[in-house]
Amino acid sequence: MTLEQLRELIPDYAKDIRLNLGSLANETTLTDQQKWGAFLASAVAIGQPQVVKAFETEAAARLTPQAIDAAHAAAAIMAMNNVYYRSLHLLSNHEYQTLRAGLRMNVLANPGVEKVDFELWSLAVSAINGCGMCLDSHEVELKKHAVPALNIQAALRIASVVAAASAVLRSIP
């Protein structure tokens with residue numbers, strides 16, 4: 001399945017989502033690697049099969065195998081981290097924030113792509129998973145690397161539209 005085929009599956013009541021998918025696919029704020037990695041990581045994080053397949057197809061034509069693996073890794077590691085750190089943030093007992101996480105997160109140090117790209121993808125996935133603590137952490141890292149607010153916003157826009165497309169397709173019997 002391609003992105004165009006995915007867009008054709010989206011009904012008219014969600015025309016805005018269909019249009020946003022097209023405009024974000026053509027946006028130039030992010031590099032192609034950043035953009036397509038954000039699309040893929042977001043799709044994998046949500047796990048709606050048609051959406052994942054469409055963005056895996058698009059990524060295969062635009063990203064290196066290492067970047068594809070890194071996008072999958074961003075979705076995987078954030079699936080774990082977003083639950084853990086969101087829980088720490090939500091618990092009123094702050095003692096847990098003083099404890100060592102004890103979770104392996106080696107991919108964060110060596111993701112196989114530029115650190116900025118991986119951070120953008122992790123930010124997008126953290127937005128999907130609703131972890132404010134992780135969103136703040138990734139935004140701080142991106143700002144340390146002088147990533148403009150428009151680039152950060154672009155990754156968040158991609159995450160939001162992929163989430164919306166996935167929700168629409170899940171609702172179709």
Side-chain angles (χ1 to χ4, degrees), residues 1-4 6-7 17 20-86 89 101 103-166:
M1 174 173 298
T2 65
L3 176 56
E4 197 52 44
L6 176 70
R7 291 178 68 221
I17 306 309
N20 285 329
L21 280 169
S23 64
L24 286 169
N26 292 315
E27 74 87 24
T28 58
T29 304
L30 301 175
T31 67
D32 276 352
Q33 178 165 291
Q34 291 169 343
K35 175 174 56 178
W36 293 105
F39 272 122
L40 181 57
S42 296
V44 170
I46 296 165
Q48 201 286 336
Q50 295 161 304
V51 176
V52 172
K53 181 65 177 156
F55 286 111
E56 283 181 340
T57 299
E58 297 295 333
R62 293 172 170 85
L63 299 177
T64 65
Q66 294 81 10
I68 291 170
D69 284 350
H72 280 92
I77 197 71
M78 289 303 111
M80 176 183 72
N81 284 0
N82 293 158
V83 169
Y84 181 76
Y85 288 105
R86 183 176 59 236
H89 177 75
L103 299 170
R104 292 195 182 274
M105 302 177 221
N106 295 329
V107 72
L108 297 177
N110 188 16
V113 293
E114 294 293 324
K115 180 76 169 154
V116 166
D117 296 357
F118 194 80
E119 288 290 335
L120 277 170
W121 304 343
S122 297
L123 175 98
V125 173
S126 294
I128 288 166
N129 292 335
C131 182
M133 187 179 248
C134 293
L135 281 166
D136 283 342
S137 175
H138 295 297
E139 196 252 356
V140 165
E141 276 301 307
L142 290 164
K143 288 298 186 181
K144 283 181 189 175
H145 288 88
V147 174
L150 284 176
N151 292 38
I152 294 169
Q153 181 196 35
L156 294 172
R157 291 171 61 219
I158 287 169
S160 68
V161 172
V162 171
S166 298

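You'll find the side chain of Leu30 reaches within 4.5 Å of the side chain of Leu120, heavy atoms only. Between Leu6 and Val51, the closest side-chain pair of non-hydrogen atoms falls below 4.5 Å. Counting heavy atoms from C-beta outward, Gln33 and Trp121 have side chains that approach closer than 4.5 Å. Counting heavy atoms from C-beta on, the side chains of Tyr85 and Asn129 never come closer than 4.5 Å.
Looking at every heavy atom in both residues, Ala59 comes nearest to Leu40 through CB-CD2, 3.8 Å. The two residues Ala127 and Leu156 have their closest heavy-atom pair at CB-CD2, 3.7 Å. Here the closest non-hydrogen pair linking Lys143 and Pro148 is NZ-C, 4.1 Å. Pairing each heavy atom of Ala41 with each of Val125, the nearest pair is O-CG2, 3.6 Å. The two residues Ala124 and Ser42 make their nearest non-hydrogen contact at CB-OG, 3.7 Å. The shortest non-hydrogen separation linking Thr57 to Met1 is OG1-O, 2.9 Å.
For Ser166 (side chain) and Val162 (main-chain N/O), a donor-acceptor pair under 3.5 Å exists by modelled atom type. Between the side chain of Glu119 and the backbone N or O of Glu141, no donor-acceptor pair lies under 3.5 Å. Judged purely by atom type and a 3.5 angstrom limit, Glu27 uses its side chain to pair as donor or acceptor with the backbone of Thr29. Side-chain atoms of Ser126 never come within 3.5 Å of backbone atoms of Cys131 as a donor-acceptor pair (strictly under, hydrogens ignored).
In this structure, the separation between NZ on Lys144 and NZ on Lys115 is 9.5 Å, given to the nearest 0.5 Å. Rounded to the nearest 0.5 angstrom, Thr31 OG1 and Arg62 CZ are separated by 13.0 Å. Note: Ile158 CD1 to Asn20 CG = 11.5 Å, rounded to the nearest 0.5 Å. Separation of atoms NE2 (His89) and CG (Asp136) is listed at 8.0 Å; rounding is to 0.5 Å. The CZ atom of Arg86 sits 10.5 Å away from the CG atom of Leu135 when rounded to the nearest 0.5 Å. Here the OG1-CD distance, from Thr64 to Gln66, works out to 4.5 Å after rounding to the nearest 0.5 Å.
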Inset, instruction - List the steps, then state whether side-chain contact (heavy atoms from CB on, under 4.5 Å) holds for His72 with Val44. - result: CA-CA 7 Å; His72 280 92; Val44 170; 3.6 Å; yes
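A salt bridge does not link Lys53 with Glu56: every distance from a Lys NZ or Arg NE/NH1/NH2 to an Asp or Glu carboxylate oxygen is 4.0 Å or more.
By the ring-ring contact (aromatic ring centres under 6.0 Å, His included) test, Phe55 pairs with Phe39, sequence neighbours left out.
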Show every donor-acceptor pair shorter than 3.5 Å between a side-chain atom in residues 103-113 and any protein atom, with sequence neighbours excluded, or say none if there are none.
none

